[in-house]
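Worksheet for the structure shown next.
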Amino acid sequence: MKNLPLHWKIIIGLVLGLGYGILSATLGWGLFTTHWVAPFGTIFINLLKLIAVPLVLASLITGVASLSDLKKLSRIGGKTIAIYIITTAISVTIGLVIVNGLRPGDKVPEEMKIKLQQTYLEDANSRAGSAQKVKDRGPLQPIVDMVPSNFFNSAQSNRNMLQIVFVAIFLGIGLIQVPKGKAKPVLDFFEGFNDVIIKMVDIIMLMAPYGVFALIAQTINKVAGDNIGQVLELLGALGYYMLAVIIGLLLHMIGTYTTVLKLFSKMPLKTFYQGIAPAQLLAFSTSSSGATLPVTMERCEDELGVSEEVSSFVLPLGATINMDGTALYQAVAAVFIAQTLGMELNLGAQLTIILTAVLASIGTAAVPGAGIIMLVIILEAVGVPSEGIALILGVDRILDMMRTTVNVTGDASVAVAVASTENQINIPNGS
Ligand code: ASP
């Protein structure tokens, strides 16, 4: 057991958590699970979140400061953002092709539609309210939001990761410009700090199998309550919709990321997936690319050989703006809701979905359940009533786990691709 690779230990935790969760829902142990099992999952996620801001700050400052010229920084930035946007657009297109081909919306029984709308309407309205706040902002607001007026305010919440990225790059640029003697003590400090933080990530990961067990058990507990029969009924009614999302995600992962890796790097797929597996499993268990970020960074650097310079820039940016899984899901969900409500979306509307889904996924926070809030904006853009999200809320958490896994895989594959084109990768021997 001691020598078992980490991803196997996490898989065991996941499977046991799944088994325990089902048992707990069947035997009515909900309260016990909430009070005695779930807290370990919360502690684990809190530790990961705790480490995210200092990690990004320290590794990005040292990363930028080690780039001797700023041209390189803008080149890496340009490449990263271009690949991020192109892969996201591809994922939305895959989602649209599948949902139009399978037409899962036609397969929901009439009485189930009414029941779903009634059950989730209140919840749907509150999410539509959150989306409205986002929509009321001006077009340049996201850029304004990136520039904080006070660093300590930004460091207060992990949702402000782009502000931290901005401050770190700015500070790194400042460091390049001052005389070496002056910069050295500051740089030495951040380098040492960075090493300490990475060690802390290693320590946190020792807890991963137990944390994952608790997280999965509590997720099932929350979704199923003490009535697992209800969940099975829901899964039956929305089975085709879920299938459409899952097929899309798999195709994107297998097709698009393999192409990106083959096109830009020499890394064998096996090496890539073996290296990144713990981050994928964590993304699946936490439904949060933000919480997974420290592990994604650690795996990319230590197991895939991506230089710190590249990983510390590409990955925090990716966790915040690159969400292929979310974009694909949003496209499928929007068309599914329209189909269920008996509305046909013409080509213009489908093109609008591509554009809005790419933008909405960029604006989606890297936390559980954020994707469905931004879905409201897409629905409104194509004239589908936003209350329609009531239809899919019941199974959203399950799909969130899967789309987050794809989001994290996308970030890692782009990190490998960018590092390879910059000659900043040290591919380990594929074992
Ligand atoms: N949970 C996703 C993530 O953190 C965002 C979403 O809800 O789609 O990547």
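As the structure lists them, so they are numbered: ligands from 1, and atoms in each ligand from 1.
The Asp400 neighbourhood of ligand 1 comprises atoms 1 (N), 2 (C), 6 (C), 7 (O), 8 (O), with distances under 4.0 Å to a heavy atom of that residue. Near Ala366, meaning under 4.0 Å from one of its heavy atoms, ligand 1 places the atoms 4 (O). If you number the atoms of ligand 1 from 1 as listed, the ones under 4.0 Å from a heavy atom of Val367 come out as 1 (N), 2 (C), 4 (O), 5 (C), 7 (O). Near Gly371, meaning under 4.0 Å from one of its heavy atoms, ligand 1 places the atoms 6 (C), 7 (O), 8 (O). Near Ser288, meaning under 4.0 Å from one of its heavy atoms, ligand 1 places the atoms 4 (O). Of all atoms in ligand 1, numbered sequentially from 1 with element shown, those under 4.0 Å from a heavy atom of Thr326 are 5 (C), 6 (C), 8 (O). The distance from ligand 1 to the heavy atoms of Thr404 drops below 4.0 Å at these ligand atoms: 1 (N), 2 (C), 3 (C), 4 (O), 9 (O).
Between Glu422 and Lys72 there is no salt bridge, since no side-chain nitrogen of the basic residue lies less than 4.0 Å from a carboxylate oxygen of the acidic one. Under 4.0 Å is where a charged nitrogen must lie from a carboxylate oxygen, and between Arg403 and Asp400 at least one such pair does.
Each of Leu282, Val15, Leu281 was scored for a side-chain contact (heavy atoms from CB on, under 4.5 Å) with Val212, with one residue passing: Leu282.
Between the side chains of Thr409 and Gln280, at least one donor N or O lies within less than 3.5 Å of an accepting N or O. Side-chain atoms of Ser24 and Thr33 include a donor-acceptor pair closer than 3.5 Å. Between Tyr329 and Asn407, the side chains place no donor N or O within less than 3.5 Å of an acceptor N or O (distance only, hydrogens not considered). Side-chain contact of Asp145 with Gln141: a donor-acceptor pair under 3.5 Å is present, judged by distance alone.
Considering only non-hydrogen atoms, atom 8 (O) of ligand 1 lies nearest to Arg403 out of Met402, Arg403, Arg397.
For Ile372, no nitrogen or oxygen atom sits less than 3.5 Å from a nitrogen or oxygen atom of ligand 1, counting backbone and side chain alike. Ligand 1 has no nitrogen or oxygen under 3.5 angstrom from a nitrogen or oxygen of Ala365. Annotation: Thr364 places no N or O atom under 3.5 Å from an N or O atom of ligand 1; distance criterion only. At under 3.5 Å, not a single nitrogen or oxygen of Gly290, backbone or side chain, sits near a nitrogen or oxygen of ligand 1.
Between Phe190 and Phe193, the two ring planes are perpendicular [angle over 60°; tilted spans 30° to 60°].
The nearest protein atom to atom 3 (C) of ligand 1, hydrogens excluded, is given as Ser289 OG, 3.1 Å; this is a heavy-atom distance.
Ring centers of Phe213 and Tyr20: under 6.0 Å apart, within the cut-off.
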